[in-house]
Amino acid sequence: LRYYQFLTAMLHHKEICDGGDLDVIVKKQGCLTEDNAAHFIKDIFEGLLYLANMNIVHRDIKIANVLISKGQAKIADFGFAVVSKYIMFD
């Protein structure tokens, strides 16, 4: 049931990420400023922590799978994601 709820939520949540993906941005700009990189890394870590708390393992994290929307990094492409019963945080 939990896996079904996750998939349903993912299918119903669509957002236009007008900033493109992080891979394209890095290729265009050459590199990010330290402040921008720190901001995006924070967003990505928060997203990964949220997924881990939901027992979801993405399994394909790379900059091409990070979309930018209104200056915020969002994890995308859950094609290899799995729900795991073995993630535990104390």
Side-chain angles (χ1 to χ4, degrees):
L1 179 62
R2 192 173 195 176
Y3 182 68
Y4 174 75
Q5 289 171 336
F6 165 71
L7 287 178
T8 302
M10 292 305 296
L11 291 174
H12 289 290
H13 181 77
K14 292 186 179 184
E15 181 177 334
I16 296 174
C17 293
D18 55 357
D21 69 59
L22 200 50
D23 188 38
V24 171
I25 292 170
V26 169
K27 286 178 181 173
K28 282 183 182 177
Q29 294 182 4
C31 64
L32 299 174
T33 66
E34 186 175 340
D35 288 340
N36 281 346
H39 176 77
F40 291 149
I41 289 168
K42 180 181 176 281
D43 290 343
I44 294 165
F45 281 163
E46 286 175 353
L48 291 173
L49 182 60
Y50 174 80
L51 291 173
N53 286 329
M54 299 292 289
N55 293 336
I56 298 166
V57 182
H58 188 280
R59 301 193 319 169
D60 193 24
I61 292 294
K62 56 188 174 188
I63 62 173
N65 288 340
V66 176
L67 304 179
I68 306 301
S69 175
K70 299 175 186 168
Q72 186 176 23
K74 306 211 178 228
I75 299 170
D77 191 356
F78 287 79
F80 291 113
V82 294
V83 177
S84 174
K85 59 184 176 181
Y86 300 108
I87 299 175
M88 291 186 267
F89 291 104
D90 290 332

Taking all heavy atoms of [X] and all of [Y], pick out the closest pair and write down the distance.
{"X": "His39", "Y": "Gly71", "result": "NE2-O, 2.9 Å"}
{"X": "Ala81", "Y": "Ile56", "result": "CB-CG2, 4.3 Å"}
{"X": "Gly47", "Y": "Ile75", "result": "C-CD1, 3.8 Å"}

Exercise for the section: Not counting sequence neighbours, list each pair that qualifies as a ring-ring contact (aromatic ring centres under 6.0 Å, His included) and has a residue in residues 56-76. Expected result: His58-Phe78

Completion exercise
So the ring-ring contact (aromatic ring centres under 6.0 Å, His included) pairs with at least one residue in residues 16-35 (sequence neighbours excluded) are none

Exercise for the section: Flag the pair Val66 / Phe40 as yes when at least one side-chain heavy-atom distance between them is below 4.5 Å, and no otherwise. Expected result: no

Fill in the blank from the handout: CG of Asp21 to NZ of Lys74, rounded to nearest 0.5 Å, is 15.0 Å

Practice task
Please answer whether the main-chain N or O of Ile61 pairs with a side-chain N or O of Asn65 as donor and acceptor at a distance below 3.5 Å.
Solution key: no

Side-chain donor-acceptor distances from residues 23-32 under 3.5 Å, at least two apart:
residue, atom, partner, partner atom, Å
Asp23, OD2, Lys27, NZ, 3.2

Problem - Path from Leu51 to Phe80 over hydrophobic side-chain contacts below 4.5 Å - result: no

Fill in the blank from the handout: Contacts satisfying salt bridge (charged side-chain N to carboxylate O under 4.0 Å, His left out) that involve residues 33-43 (not counting sequence neighbours) are Lys42-Glu46

Handout entry: Any residue meeting side-chain contact (heavy atoms from CB on, under 4.5 Å) with Phe45, in chain and number order, not counting sequence neighbours
Key = Ile41, Leu48

Practice task
Using the test salt bridge (charged side-chain N to carboxylate O under 4.0 Å, His left out), find all partners of Asp60 that sit at least two apart in sequence or belong to another chain.
Solution key: Lys62

